[in-house]
Every structure is written in structure tokens, then in C-alpha cells.
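See structure below.
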Amino acid sequence: MRPTRFDFRAALVPLAGIFALLLVPGATASAQEQDEEYLQRGENVFERQCAACHSLGGGDLVGPDLAGIMEKRTREYVRRFILEPNALKAEDETAREVGERFPSAMAPIMLSDENMEALLAYLEAMSDVEIELEPEEVAQITDELIEKGRAIFLGTSRLEHGGPSCISCHNVAGDGGLGGGNLGIDLTDAYRRFTASGNPNALLTTIQNPAFPMMREAYDDKPITEEEALALNAYFASVSDRSPEDERGWGELFLILGVLGGILFLGVFDFIWRKRFTAVRKPLVEGARR
Ligand code: HEC
Ligand code: HEC
């Protein structure tokens, strides 16, 4: 019998196995990290470019809830809806129907290829998010909440985390009069506009997660609490039947009053002046007669 020779090749197999086992967890960890970084990039793009109008699982806002969008639609559809929504709507039945369901339309958004890929990967990763809000969870609107929300809006009641009051940048017709900020948008009919697409909590979600750069900055480290958001939501619901033009209405009234006042003033002045004129002329004329 020949002495068994040590077979290097046979020994290599388990060795390679052990080696692979040592390497693989390391390899997946760094791939995971890369993945996370990539998804983070996608999330940033979403927050900056999409979240003002779309939620992921929070219900419809200005545009539809995008949870599960990558399963409902093709990648190409989503890409084109971002880059050229109007061209897509002209060609694609589904896109046209979505367009008809929402009162406002999405404008084209230019993204670099890398940002687009990261965004699509993020939307894919978020595809199993369920729409969180059930109809029975519609935010409450009570008198108490309305009053509280009004005080927060006007700044008579301070925000818990010390964020600036809304009135420093916003306006609501009939409240805060002429003192409202000119920086932001008029919020009188915000509740109506946000809930028009059918999600009664659309404004609430927006207040809790404002996607407008200036507001994000103002509240980034001084977040609005859920209670405060609920109160503000109730307040906006209570004013949403006012017309944003109410304020302009007053302005116009003042203008008309001003013009009328001016005419009246001129009239009175004219009257007095004429009297004074005759008062001067009378003795002259009478003097001449003598
Ligand atoms: C200013 C608001 C606004 C912004 C910002 C916005 N969208 Fe939209 N989006 C809409 C509206 C409104 C619709 C509905 C239909 C339409 O455009 O006519 C829509 C529709 C869509 C649809 C079609 C959904 C479906 O069910 O077919 C996709 C996909 C989409 N948006 C993705 C995005 C992505 C991704 C971003 C960010 C890169 C984004 N949108 C930014 C308003 C917006
Ligand atoms: C530092 C200024 C600033 C403050 C403070 C601020 N906002 Fe805003 N807000 C903005 C800007 C800017 C926009 C974007 C408006 C636009 O795009 O025309 C905005 C947009 C909004 C919108 C969406 C408006 C729309 O019609 O699309 C809502 C709702 C809103 N803010 C609510 C609030 C509430 C509630 C508060 C107080 C808790 C608040 N904001 C405080 C600057 C501010």
C-alpha cells in the first residue's frame, strides 16, 4: 500500500471555504453600508424635490401617495413622470388618468442620472410601506384645538421647542390683520387646497414634515410637536371657508373710503375757498359801486 500523499488540491477546498466565510460577512457589510449611503442619497433627493407634494405612506398630498409606486408602475414610467410629465400624459392612458384625478399638475423636475437612480432605488426600497392612515384616524377638529392652533399661529402661545411663530412668515385672512408676514404664502385656504385630493390629513402631514427649504431650516432643530400640528390643522380647517381676498377686500374698502374722503375734502375746501373768495371780492365790488 502506498503511503497517502497529502493532496494539496483537496485541502484547498475547505480552506477556500473558510477563507470565503471570513470574507463574505465583511463584503456584505461594506455593500450594505454602500447601499445605505445610496438609499440615503435617494431619500435626500425625495425630501428636497418631492416631499412637498408627495408622501410615502402618509396619504395623498398635492400629488398622490407614492408608497408602492415602483410596483404599481414601470421604472420607465416613473422616470418619465419626473422628467417630462406632460409628454407622458399625452401618450400614456394611466398617466392621463392620474393627471385628471388631481387638481394641480406636476412640473418637470431635472435630476442628474445619479440622483435619479438613487431616488428610484429609494422609492423601490420604500415600496412595501403601507398607507398608514385609516379613514377613522382623521385628525379631530374641536373648538379647543382651533383656539389653541390660532394662538400658536399668531404667536400668542409659544411653540414647545421654541420655533418661530407662523405669522412671522404667513398670513391668514381676518387674523393678524395687516401684520402677517409677506415672506410666505397666504394660508387661509391651505386646508381646503391640501385636502382637495381626498386625504383629510394632508395638511397635518405637511405641517409635521414641511418640505419647504425655508421652513425646514426654521424648524429643523425646533420641531413642531404632534399636538401643535393637530391644533394648527384644526385652526386652518376652521378658517378655510374664509376667502384669501377678504383682506384685500378691506384694503379696497379703505382705498374707496380714501378716494371718497379726498373728494369730500376737496368739495369742502372748494366751498370754503369760494366763500373766502366772495368774501374778499364782495367789499371790492361793493366798494366800486360806491
Ligand atoms: C409641486 C408638486 C409636486 C412635486 C414637487 C412633485 N410632484 Fe409628482 N405629482 C404631483 C401631482 C399634482 C401629480 C398628479 C398628477 C399630475 O401631475 O397631473 C404627481 C404625480 C406623480 C407621479 C405619478 C403617480 C402615479 O400614480 O402614476 C409620480 C410617479 C410622481 N409624481 C413622482 C414624483 C417624484 C419622484 C417627485 C420628486 C422628484 C415629484 N413627483 C415631485 C405633484 C408634484
Ligand atoms: C421662516 C419663515 C416661515 C415660518 C416661520 C413658517 N413658514 Fe410655512 N412656509 C414658508 C415658506 C417660504 C413656504 C413656501 C411657500 C411657497 O412655496 O410659496 C411655506 C409653506 C407652508 C405651507 C404650504 C403652503 C402652500 O400653500 O403650499 C404650509 C401649510 C405652512 N408653510 C405652514 C406653516 C405653519 C403652520 C407654520 C407655523 C408653525 C409655518 N408655516 C411657519 C416659510 C415659513
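Between atom OH of residue Y191 and atom CG of residue L204 there is a gap of 9.0 Å, rounded to the nearest 0.5 Å. Rounded to the nearest 0.5 Å, atoms CG (N201) and OG1 (T206) are 10.5 Å apart. For the atom pair CG (L203) and CD1 (I207), the distance works out to 4.0 Å, reported to the nearest 0.5 Å. Here CZ of F153 is found 5.5 Å from CG of L187. Values are rounded to the nearest 0.5 Å. Here D113 contributes atom CG and M116 contributes atom CE; the two are 8.0 Å apart, rounded to the nearest 0.5 Å. Considering CG of L111 and CZ of R48, their distance stands at 9.0 Å, rounded to 0.5 Å.
In this structure D92 satisfies the side-chain contact (heavy atoms from CB on, under 4.5 Å) test together with Y77, L88, T94, A95, sequence neighbours excluded. When the side chain to side chain donor-acceptor pair (under 3.5 Å) test is applied to E226, no partner is found at least two apart in sequence or on another chain. Taking the side chain to side chain donor-acceptor pair (under 3.5 Å) definition, one finds that N86 meets it with nothing, sequence neighbours left out. By the side chain to side chain donor-acceptor pair (under 3.5 Å) test, R75 is found to be paired with E117, E124, residues two or more places apart in sequence or in another chain being considered. With sequence neighbours left out, the side-chain contact (heavy atoms from CB on, under 4.5 Å) criterion links E36 to no other residue.
Between the D60 side chain and the D65 main chain, a donor and an acceptor come within less than 3.5 Å of each other. With hydrogens and angles disregarded, a donor-acceptor distance shorter than 3.5 Å links the side chain of R242 to the backbone of A173. Of the possible polar contacts, none joining the R73 side chain to the V78 backbone as a donor-acceptor pair under 3.5 Å is found.
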Just distance, no hydrogens or angles: give the donor-acceptor pairs under 3.5 Å from side chains in residues 228-239, sequence neighbours left out.
| from | atom 1 | to | atom 2 | distance (Å) |
| --- | --- | --- | --- | --- |
| E228 | OE1 | T225 | N | 2.9 |
| E228 | OE1 | T225 | OG1 | 3.3 |
| E228 | OE2 | E160 | N | 2.6 |
| Y235 | OH | D175 | OD2 | 2.7 |
| S238 | OG | Y235 | O | 2.7 |

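A218 and K222 make their closest contact through O-NZ, 4.2 Å (heavy atoms, listed as atom of the first residue, atom of the second, distance). Heavy-atom minimum distance, S55 versus L61: N-CD1, 3.7 Å. The two residues Y38 and A121 have their closest heavy-atom pair at CE2-CB, 3.7 Å.
Between R41 and N115 the shortest side-chain heavy-atom distance falls below 4.5 Å. Taking 4.5 Å as the limit, every side-chain heavy atom of L123 sits out of range of all side-chain heavy atoms of H54.
Heavy-atom neighbours of E91 CD from other residues, nucleotides or ligands within 6.0 Å: above the threshold of 12. Counting heavy atoms of neighbouring residues, nucleotides and ligands inside a 6.0 Å radius, atom CD of E47 exceeds 12 of them.
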